[in-house]
Amino acid sequence: MQKNEIPVIAIDGPSASGKGTIAQLVAKKLAFHYLDSGALYRLIALKALQSHADILDKDLLTNIARDLNVIFNDEEIILDDRIVTKEIRSEQCGILASQIAAYPQVREALTKRQRTFRQLPGLITDGRDMGSVIFPDAVLKIFLTASPEVRAQRRHKQLIEKGINANITDLLQDIQKRDERDSNRSVAPLQQSADARLLDTTLLSISQAQDTVLSWYNEIFAKNSSLNVN
Ligand code: DC
């Protein structure tokens with residue numbers, strides 16, 4: 001099988017929309033590989049913070065992106081032999097990641113690495129440009145979103161559960177700022193592409209959203225029983 005025949009499900013959408021949670025659940029259900037592309041931008045942000053890098057130094061940030069020594073081990077993310085799974089989820093890393101992600105050369109440096117995740121039996125990935133730029137031939141493209149208020153509530157719950165302090169009003173402001181920056185940048189902006197299906201989870205439970213993705217996938221492969229799930 002050619003690499004470009006390996007099925008990819010691309011889920012793009014704004015911050016805290018729940019795309020990571022849904023993507024991971026569907027990955028388990030289909031036994032697909034999973035790529036959290038946002039984690040790559042967050043890892044660059046973490047390295048930049050650790051080394052007190054100048055956020056305006058595009059070349060330095062591009063080098064960090066190219067040389068990232070990261071291992072995705074099931075649900076654990078290991079950077080330079082250190083587990084950073086929780087650390088990269090901080091709002092500080094998220095905000096910095098969004099700034100760094102606006103640099104075209106940083107995005108370019110991550111392109112090849114992201115495509116290596118396309119392995120049999122398939123890949124499900126989430127981010128901002130998975131369907132539009134990294135995997136334009138994905139079999140299923142989804143734009144997953146929810147209202148900013150619901151996203152702030154979900155992010156708040158998620159952070160508190162992880163033992164990270166958070167204020168819901170600040171989170172809503174951060175989310176709105178991040179949406180604006182991610183949507184208005186010149187390269188790979190956050191937007192629903194014409195060939196992506198809209199999944200608004202404002203009023204959906206996690207399991208309803210998961211079932212929708214699985215039913216769309218099954219629908220696409222209805223004629224190909226070898227790729228079906230029950
Ligand atoms: O999905 P996330 O919140 O973990 O992503 C963190 C930031 O990284 C987000 O604000 C924008 C950026 N990002 C991106 O530009 N392209 C991607 N494919 C994934 C994330």
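In listed order, ligands and their atoms are each counted from 1.
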Identity and separation of the nearest protein heavy atom to [atom]:
| atom | value |
| --- | --- |
| atom 4 (O) of ligand 1 | Arg42 NE, 2.6 Å |
| atom 16 (N) of ligand 1 | Arg107 NH2, 3.0 Å |
| atom 1 (O) of ligand 1 | Arg128 NH1, 2.9 Å |
| atom 8 (O) of ligand 1 | Tyr41 CB, 3.5 Å |
| atom 19 (C) of ligand 1 | Ser37 OG, 3.4 Å |
| atom 7 (C) of ligand 1 | Ala97 CB, 3.8 Å |
| atom 20 (C) of ligand 1 | Gly38 CA, 3.5 Å |

Evaluate Gln114 for polar contact with ligand 1, using N/O atom pairs at a separation under 3.5 Å.
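No, there is no polar N/O contact under 3.5 Å.
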
Tell me whether [X] is salt-bridged to [Y], with the criterion being a basic N under 4.0 Å from an acidic carboxylate O.
| X | Y | answer |
| --- | --- | --- |
| Asp36 | Arg42 | no |
| Arg185 | Glu180 | no |
| Arg128 | Asp12 | no |

Heavy-atom neighbours of Glu149 CD exceed 12 at 6.0 Å
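Above 12, so yes.
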
Got a sec, which pairs hit salt bridge (Lys or Arg N to Asp or Glu O under 4.0 Å) with one end in residues 91-113, sequence neighbours left out?
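Qualifying pairs, neighbours excluded: Glu91-Arg155, Glu91-Arg178, Arg107-Asp129.
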
Keeping to residues at least two apart or across chains, list the salt bridge (Lys or Arg N to Asp or Glu O under 4.0 Å) pairs with something in residues 14-28.
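Output for this query lists Lys28-Glu75.
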
Would you say that Leu159 contacts Leu171 through its side chain, given a criterion of any heavy-atom pair below 4.5 Å between the two side chains?
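A side-chain contact exists here, since the closest heavy-atom pair is under 4.5 Å.
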
Side-chain touch Pro14/Phe143, heavy atoms, less than 4.5 angstrom
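Pro14 vs Phe143: side chains touch.
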
Is it the case that Asp200 and Thr145 place a side-chain donor and acceptor less than 3.5 Å from each other?
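Side-chain D/A pair, Asp200 to Thr145: absent.
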
Counting from 1, what ligand 1 atoms have a heavy atom of [X] closer than 4.0 Å?
| X | answer |
| --- | --- |
| Lys19 | 1 (O) |
| Asp182 | 9 (C), 10 (O), 11 (C) |
| Met130 | 18 (N) |

Check each heavy atom of Arg185 against ligand 1 and say whether those closer than 4.0 Å belong to the side chain, the backbone, both or neither.
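Side chain only.
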
Would you tell me which option among Ser17, Ala101, Ala10 has the nearest heavy-atom contact to atom 12 (C) of ligand 1?
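Checking each option, the heavy atom nearest atom 12 (C) of ligand 1 is found in Ala101.
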
